[in-house]
Number of protein chains: 2
Amino acid sequence: MPRPVPAATAALRVLRFLSGQPVPVSAVRIAEALELPRSSAYHLLTAMADEDFVVHYPDDRTWGMGIAAWEVGHGFARQEPLARLARVPLARLVDRVGQSAHLVVLHGTEVLYVIEERAPGRPPLVTDVGVRLPAHLTASGRAILASLPGPQVTALYPDKASFTSRTGSGPRSPTELRRLLATTRQRGYATEDGEVTAGFASVAAPIEAGTIHASVAVTWQSRGDVGDLVEPVRQTAAEITRRLRH
Amino acid sequence: MPRPVPAATAALRVLRFLSGQPVPVSAVRIAEALELPRSSAYHLLTAMADEDFVVHYPDDRTWGMGIAAWEVGHGFARQEPLARLARVPLARLVDRVGQSAHLVVLHGTEVLYVIEERAPGRPPLVTDVGVRLPAHLTASGRAILASLPGPQVTALYPDKASFTSRTGSGPRSPTELRRLLATTRQRGYATEDGEVTAGFASVAAPIEAGTIHASVAVTWQSRGDVGDLVEPVRQTAAEITRRLRH
DNA sequence: TGAATGCGTCTCGGATACGAGACACTGAGA
DNA sequence: TCTCAGTGTCTCGTATCCGAGACGCATTCA
């Protein structure tokens, strides 16, 4: 088992902490949040600023994220085959159905929005790229969970305490989830209406390629039939699956 | 002057290196590229993998970027006022002119693409988000350089050695650049045709808000008049400027 | 099959990195 | 104006972190 590298770990935790803040924060705030010695925090932040991962705003006495964090994040998108292969099919989906679409991956019990393709005339979505949401509340997450083996889903959601709610709806127990996922599995797609954001609905289909846990979804302001959207979404997910299998 | 934090710096350099690779790479390759001791590289990579910034692929004996790098990169977009404020105006610009648009910031002598809004039916651009290009070859970069004080431009481009070329065109000396920027300044916008990618042209206008060096651009397959696009681009840049000044 | 190469892990010793705490400076509030 | 709180920088001493190098294992090639 390799040994710890405490300063490296601290740097990465600083990045993660800062990326969760809406505004730049003070060094002391960072030190407290990560339980770092105050003077060490200054040395660390300065080293990170020297590499452009952090910026110091002396007038405000705050520290914020630097441009290198942004660049490195996009390096991930270029390296990750899923993100690379999915971009064009997703663009085609949007052009075809005229609604915004996204590519989502599962991480633990949450989904992470990897690509968002906005449709013309539609506002940017709450499900902004980089955002995490509880998997069981989103169509995207449900589509992925439905494609997982039962024991794996059980390991992720062992009891009622595993369930969070955003708008008061959505499954609240393993039994409810299992029933919901059985329906999803049978249909081959998942839906969600108002469980993430009131007034918005989604339909999602899983990408089924070995160890990749991801899905394609379309989101729109809910007021009507999902029927027209299911086939394009499923075809897009199938196309991405095919591309991944080469 | 605070002291170095070598392990933190090494971790960040690993991230930067990995983000520039098209595929995951071996630990030895990373160690060589960054001049790290081999055994230290393993400890470092493992610590980074424990924080999800790096992933180990044991079957391939390679190491690639992890999902935390992606998330942190998007935390930057949420925290950076420019990226946040520009998203809706840029979406409106695309809906209005029917061409893809982007928001660009200057970093040294390069521009960095921060937001890309793809227009319906248009292919994804070579100027993908997270990509850097030489500022003097792009409309976006020229618009920003034209809004800088003369001595600052001279400091960035002191001599002929400062100039790179991608397609054999574009300014090659400080004198040529100065002339080009004078025209740009007079018109209030910059253009580029085939200097980044043959067959594509751009028009860009600067965002002028204090210390922010950024611009808005529209890109299209070049074959005709720029005239219809200039006003919408300039208005979008002016709107973003206004928002930033509140 | 055996040898070579490369990956990953481990131990040891010493020097470098780290935390504690002090100091200087600045800005805000009484 | 003075005081206090908070930010940023610095020194010192020590213990923890680091690099060197060895070892084990797996894969590939002759």
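A quick note: this is a predicted structure, and the numbers were derived from the prediction, not measured. Lettering of chains follows the sequences in order, A, B, ..., and the numbering in each one begins at 1.
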Residue pairs, two or more places apart or on separate chains, that pass side chain to side chain donor-acceptor pair (under 3.5 Å) and touch residues 138-160 of chain B: His136(B)-Tyr157(B), Arg142(B)-Glu195(B), Asp159(B)-Ser162(B)
Nearest-Å distance for atom pair NE2/C1', residues His43(A) and dA17(C): 10 Å
Thr46(B), Leu45(B), Asp50(B) screened by side-chain contact (heavy atoms from CB on, under 4.5 Å) with Pro2(A), the one that passes: Thr46(B)
Within residues 59-72 of chain B or reaching into it, pairs that qualify as side chain to side chain donor-acceptor pair (under 3.5 Å) - sequence neighbours excluded: Arg132(A)-Glu71(B)
Separation of dG6(C) P from Ile30(B) CD1 (nearest whole Å): 16 Å
dG21(D) phosphate, OP1 or OP2, under 4.0 Å from Ser39(B) side-chain N/O: no
Interface with DNA chain D, restricted to residues 52-62 of chain A and to heavy atoms under 4.0 Å: His56(A), Arg61(A)
Within residues 4-19 of chain B: residues closer than 4.0 Å to DNA chain C (heavy atoms): Val5(B), Pro6(B)
Which residues share a side-chain contact (heavy atoms from CB on, under 4.5 Å) with Arg234(A), sequence neighbours left out: Tyr189(A), Ala205(A), Val230(A), Glu231(A)
Gap between atoms CZ and P, on Arg3(A) and dA15(D) respectively (whole Å): 19 Å
Distance below 4.0 Å between Ser26(B) side-chain N/O and dC7(C) OP1 or OP2: yes
Distance test, side-chain N/O of Tyr42(B) to OP1/OP2 of dG8(C), below 4.0 Å: yes
From CA spacing to verdict: side chain to side chain contact (heavy atoms under 4.5 Å, CB included), Val28(B), Arg38(B): CA-CA 6 Å; Val28(B) 169; Arg38(B) 194 173 72 85; 4.0 Å; yes
Polar side-chain atom of Ser215(B) near backbone of Ile207(B) as donor-acceptor pair, under 3.5 Å: no
Nearest-Å distance for atom pair CZ/C1', residues Arg38(B) and dG21(D): 9 Å
Pairs where residues 10-24 of chain A contributes a residue and the test side chain to side chain donor-acceptor pair (under 3.5 Å) is met, not counting sequence neighbours: Arg13(A)-Glu51(B), Arg16(A)-Glu51(B)
Worked verdict on Gln235(A) versus Leu93(A) for side chain to side chain contact (heavy atoms under 4.5 Å, CB included): CA-CA 9 Å; Gln235(A) 282 169 6; Leu93(A) 175 60; over 6 Å; no
Side chain to side chain contact (heavy atoms under 4.5 Å, CB included) evaluation trace for Leu18(A) with Val54(A): CA-CA 9 Å; Leu18(A) 280 179; Val54(A) 162; 3.9 Å; yes
Pairwise 5' ranking along DNA chain C for Leu36(A) and Arg29(B), keeping only the more 5' one: Arg29(B)
